[in-house]
Amino acid sequence: VLYKALNYTEKQLYFGAGIAFNLASYPHNNYKKVYNQGSIQENPEYLPYEKMWASVHGKSGFIFNKKIEAVASVKLFGSFANFAFFSLNPSMISLAANYRF
């Protein structure tokens, strides 16, 4: 969803939100502990991350002269791991400058 708050010929200001569906693979997700005596303890699939999850993003941008765009986006919700006592939900902020052809 995108809403243009300012829509002139040479400049535009917009706000938006969207949903992203993410797919991932973790082929080498294991934990290995080596003890001083030489014994090794391995735990494959140490942290069972999600293979598929959805996230919600917010976005705002300004377009100058129909060609130059400044964009800021942030991940609002979404997690790739949900455990009993903690969750891995990183905050992601993105700033970009784009040239539009």
Side-chain angles (χ1 to χ4, degrees):
V1 175
L2 194 65
Y3 171 74
K4 288 190 179 177
L6 182 68
N7 193 11
Y8 294 115
T9 306
E10 296 298 319
K11 54 189 164 191
Q12 297 176 352
L13 175 66
Y14 62 87
F15 302 98
I19 298 174
F21 295 98
N22 306 282
L23 302 172
S25 173
Y26 310 98
H28 301 290
N29 178 24
N30 54 18
Y31 177 76
K32 184 187 284 188
K33 208 185 249 189
V34 179
Y35 295 96
N36 289 337
Q37 305 90 330
S39 62
I40 298 173
Q41 177 187 1
E42 289 192 52
N43 188 355
E45 293 294 319
Y46 176 61
L47 294 173
Y49 298 120
E50 301 290 330
K51 304 284 189 229
M52 183 172 60
W53 72 96
S55 56
V56 177
H57 299 263
K59 186 176 191 176
S60 178
F62 192 77
I63 301 172
F64 309 94
N65 298 328
K66 297 183 183 180
K67 296 289 182 188
I68 300 170
E69 179 181 30
V71 182
S73 63
V74 62
K75 183 179 79 70
L76 302 171
F77 305 103
S79 178
F80 57 87
N82 292 309
F83 303 106
F85 300 106
F86 68 96
S87 177
L88 298 174
N89 187 7
S91 297
M92 291 185 238
I93 298 172
S94 169
L95 300 174
N98 301 320
Y99 182 79
R100 298 167 63 110
F101 293 96

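Every heavy atom of this structure was used, including side-chain atoms; hydrogens, water molecules and symmetry mates were not.
Placement of Leu76 and Val1 in two distinct hydrophobic clusters is found when ILVMFWY residues are connected by side-chain heavy-atom separations under 4.5 Å, directly or transitively. Following chains of ILVMFWY side-chain contacts shorter than 4.5 Å, one can reach Leu6 starting from Phe64, so the two form part of one hydrophobic cluster. If you chain together hydrophobic residues whose side chains sit under 4.5 Å apart, Met92 and Val56 never meet in one group.
Rounded to the nearest 0.5 Å, atoms CZ (Phe62) and CD (Gln12) are 9.0 Å apart. From Met52, atom CE reaches atom CG of Leu23 across 6.5 Å, with rounding to the nearest 0.5 Å. Rounded to the nearest 0.5 Å, atoms CZ (Phe21) and CH2 (Trp53) are 13.0 Å apart. Remark: Lys67 NZ to Phe101 CZ distance equals 8.5 Å, nearest 0.5 Å. A distance of 10.5 Å separates CG of Leu2 from CZ of Phe15, quoted to the nearest 0.5 Å. Lys75 NZ to Ser94 OG: the interatomic distance, rounded to the nearest 0.5 Å, is 13.5 Å.
Surrounding CD1 of Ile19 are at most 12 heavy atoms belonging to other residues, nucleotides or ligands under 6.0 Å away.
The two residues Glu50 and Ala24 make their nearest non-hydrogen contact at O-CB, 4.4 Å. Closest non-hydrogen pair, Ile63 versus Lys66, comes out as CG2-CA, 3.9 Å. Between Ser55 and Asn22, the shortest heavy-atom contact is OG-ND2, 3.3 Å.
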Checking side-chain contact (heavy atoms from CB on, under 4.5 Å) for the pair Lys32/Asn30: CA distance, chi angles, key distance, verdict?
CA-CA 7 Å; Lys32 184 187 284 188; Asn30 54 18; 5.8 Å; no
Tyr26 and Lys51: side-chain contact (heavy atoms from CB on, under 4.5 Å), yes or no, with the steps?
CA-CA 8 Å; Tyr26 310 98; Lys51 304 284 189 229; 3.9 Å; yes
